[in-house]
Amino acid sequence: NANASEGGGSLSGAVKADGSSTVAPLTTAAAELFKEEQPGVNVTVGTSGTGGGFEKFCAGETDISDASRPIDDADEAPLCEEAGIEYAEIPVANDALTVVVSTENDWVDCLTTEQLKAIWEPGSKVSSWKDLDPGFPDEELELFGPGTDSGTFDYFTDVINGEEGASREDYSPSEDDNVIVQGVSGSSGGLGYFGYTYFEENSDTLKALEIDSGDGCVAPSAETAQDGSYTPLSRPLFIYPAKASVEKPQVKAFLEFYLENDADIAEAAQFIPLNDEQKSEAQSAYDSLVG
């Protein structure tokens, strides 16, 4: 981008992002790489969760909202509309929600989406692995997962239990994925879920399960997330820039940098890059926002 390099980093000012804790490492990686070109621009990245981020964004407090699910048309979009905040939905990377067990678990490699629902649905009485399948040992099932403010929780409960936010409550919730890692890896009968990044970082102590949604067992990977075969747990991750913010030169330069370098940024943050179709979708969403 010619503008960004003119005068060797002549831009200054702030760029405020907030929202999903899943997307935060991505926007942070973008900010760090951008700072090498534009040291005068200060990009801050908050983690209020996808829902909390949209609240701030629609109140005009931020330039960019990080989101691990699309904006809610019933509750969130009208708030932005009332405040006169126009935006674009831009995919920036892919994630594969990963269901993990301890490496000590030698009895399961694949679960069906029906079995996941039996484990996680509201009021579930599955308390032992044997309850799930008589061939499994009578080992206590200890559950770990994200808290209710998380877009990851919203997404998982929607695609597995059929309703966003519908989940059994007797599990150990945490907004910190590292706590979930420690819980599952320290329990021979443990099971949890979070984004693919955290599995990759901890693959020495955790085992990722393959998921069968009707067409056989599929492991989470960059390839299966990009081609859509890892279903229903792969998902795109988004940023939502405000139209008014794009009029600020430092925000515009940061967004253009984000889009042009998305593959490097995804790799730096250990996410799965966009496929070609998503890349052109992202570019046209941005172009129409800028007008």
Side-chain angles (χ1 to χ4, degrees), residues 19-24 47-55 66-76 95-102 105 108 110-133 136 139-187 189-199 202 206-214 220 230-237:
S20 165
S21 63
T22 303
V23 185
T47 51
S48 303
T50 296
F54 279 132
E55 273 176 43
D66 290 338
S68 65
R69 59 163 172 75
I71 192 167
D72 187 304
D73 289 335
D75 299 326
E76 294 162 343
D95 189 16
L97 281 198
T98 305
V99 179
V100 293
V101 294
S102 159
N105 180 322
V108 66
C110 178
L111 288 176
T112 65
T113 46
E114 285 85 3
Q115 286 172 315
L116 281 179
K117 183 172 190 283
I119 292 171
W120 285 101
E121 66 190 341
S124 167
K125 294 284 177 272
V126 174
S127 62
S128 155
W129 281 92
K130 200 179 177 66
D131 296 340
L132 202 59
D133 184 320
F136 292 158
E139 177 93 40
E140 189 192 346
L141 181 67
E142 276 195 85
L143 295 174
F144 302 85
T148 55
D149 286 340
S150 159
T152 302
F153 172 83
D154 290 343
Y155 187 86
F156 184 89
T157 51
D158 185 24
V159 297
I160 295 300
N161 296 334
E163 187 191 337
E164 195 173 290
S167 173
R168 70 188 290 170
E169 290 171 11
D170 56 340
Y171 75 100
S172 303
S174 178
E175 298 299 341
D176 181 347
D177 290 314
N178 294 307
V179 173
I180 303 172
V181 170
Q182 287 156 11
V184 176
S185 61
S187 161
L191 179 139
Y193 65 90
F194 42 56
Y196 186 64
T197 314
Y198 289 93
F199 164 67
N202 297 282
L206 295 172
K207 177 167 83 170
L209 297 183
E210 297 181 2
I211 304 299
D212 180 356
S213 60
Y230 182 67
T231 174
L233 292 177
S234 58
R235 57 175 178 172
L237 302 173

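Reckoned from all heavy atoms, side chains included, excluding hydrogens, waters and symmetry mates.
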So which heavy atom on [X] is nearest to which on [Y], and how close?
| X | Y | value |
| --- | --- | --- |
| Ser20 | Thr50 | CB-OG1, 3.2 Å |
| Gly147 | Pro173 | CA-CB, 4.1 Å |
| Ile180 | Gly145 | CD1-C, 3.4 Å |
| Val184 | Leu191 | CG2-C, 3.8 Å |
| Ile160 | Thr113 | CD1-CG2, 4.1 Å |
| Leu132 | Ala118 | CD1-CB, 4.2 Å |

When you measure from the centre of the six-membered ring of Tyr155, is the NZ or CZ of Arg69 closer than 6.0 Å and no more than 45° off the axis?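 No.
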
Derivation of the side-chain contact (heavy atoms from CB on, under 4.5 Å) call for Val101 and Leu206: CA-CA 6 Å; Val101 294; Leu206 295 172; over 6 Å; no

Under 3.5 Å, is there a donor-acceptor pair between the side chain of [X] and the main chain of [Y]?
| X | Y | result |
| --- | --- | --- |
| Ser187 | Gly183 | no |
| Asp131 | Ser128 | yes |
| Asn105 | Gly189 | no |
| Asn202 | Tyr198 | yes |
| Lys117 | Thr112 | no |
| Asn161 | Glu163 | no |
| Gln182 | Val179 | no |
| Ser234 | Tyr230 | yes |
| Thr98 | Ala96 | yes |

Between atom [atom1] of [X] and atom [atom2] of [Y], what is the distance when rounded to the nearest 0.5 Å?
| X | Y | atom1 | atom2 | result |
| --- | --- | --- | --- | --- |
| Ser48 | Asp66 | OG | CG | 10.0 Å |
| Glu140 | Trp129 | CD | CH2 | 12.0 Å |
| Asp95 | Arg235 | CG | CZ | 4.5 Å |
| Ser167 | Leu143 | OG | CG | 8.5 Å |

Only counting residues at least two apart or in another chain, list the ones meeting salt bridge (Lys or Arg N to Asp or Glu O under 4.0 Å) with [X].
| X | answer |
| --- | --- |
| Glu142 | none |
| Asp177 | none |
| Arg168 | Asp170 |
| Lys130 | none |

List the steps, then state whether side-chain contact (heavy atoms from CB on, under 4.5 Å) holds for Phe194 with Leu97. CA-CA 5 Å; Phe194 42 56; Leu97 281 198; 6.0 Å; no

Quick one: are Leu116 and Glu114 in side-chain contact, heavy atoms under 4.5 Å?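 Side chain of Leu116 against side chain of Glu114, heavy atoms only: no contact under 4.5 Å found.
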
I want to check something: taking the side chain as every heavy atom from C-beta on, are Ser102 and Lys207 in contact at a cut-off of under 4.5 Å?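 No, their side chains stay 4.5 Å or more apart.
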
Where do Ile119 and Leu111 land on the side-chain contact (heavy atoms from CB on, under 4.5 Å) test, with the steps shown first? CA-CA 11 Å; Ile119 292 171; Leu111 288 176; 4.2 Å; yes

Using only heavy-atom distances, determine whether the side chains of Thr152 and Thr22 contain a donor-acceptor pair under 3.5 Å.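 A donor-acceptor contact under 3.5 Å links the two side chains.
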
I would like to know whether Tyr171 and Phe144 meet side-chain contact (heavy atoms from CB on, under 4.5 Å); could you show each step before the answer? CA-CA 6 Å; Tyr171 75 100; Phe144 302 85; 5.8 Å; no

Tyr193: which residues meet the ring pair (Phe, Tyr, Trp, His ring centres under 6.0 Å) condition with it, sequence neighbours left out?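 Once residues adjacent in sequence are excluded, the partners of Tyr193 under the ring pair (Phe, Tyr, Trp, His ring centres under 6.0 Å) criterion are Trp120, Phe156.
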
Can you list the residues that meet the side chain to side chain contact (heavy atoms under 4.5 Å, CB included) rule with Pro70, with sequence neighbours excluded?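 Scan of Pro70 (side chain to side chain contact (heavy atoms under 4.5 Å, CB included), adjacent residues dropped) gives Glu89, Phe238, Tyr240.
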
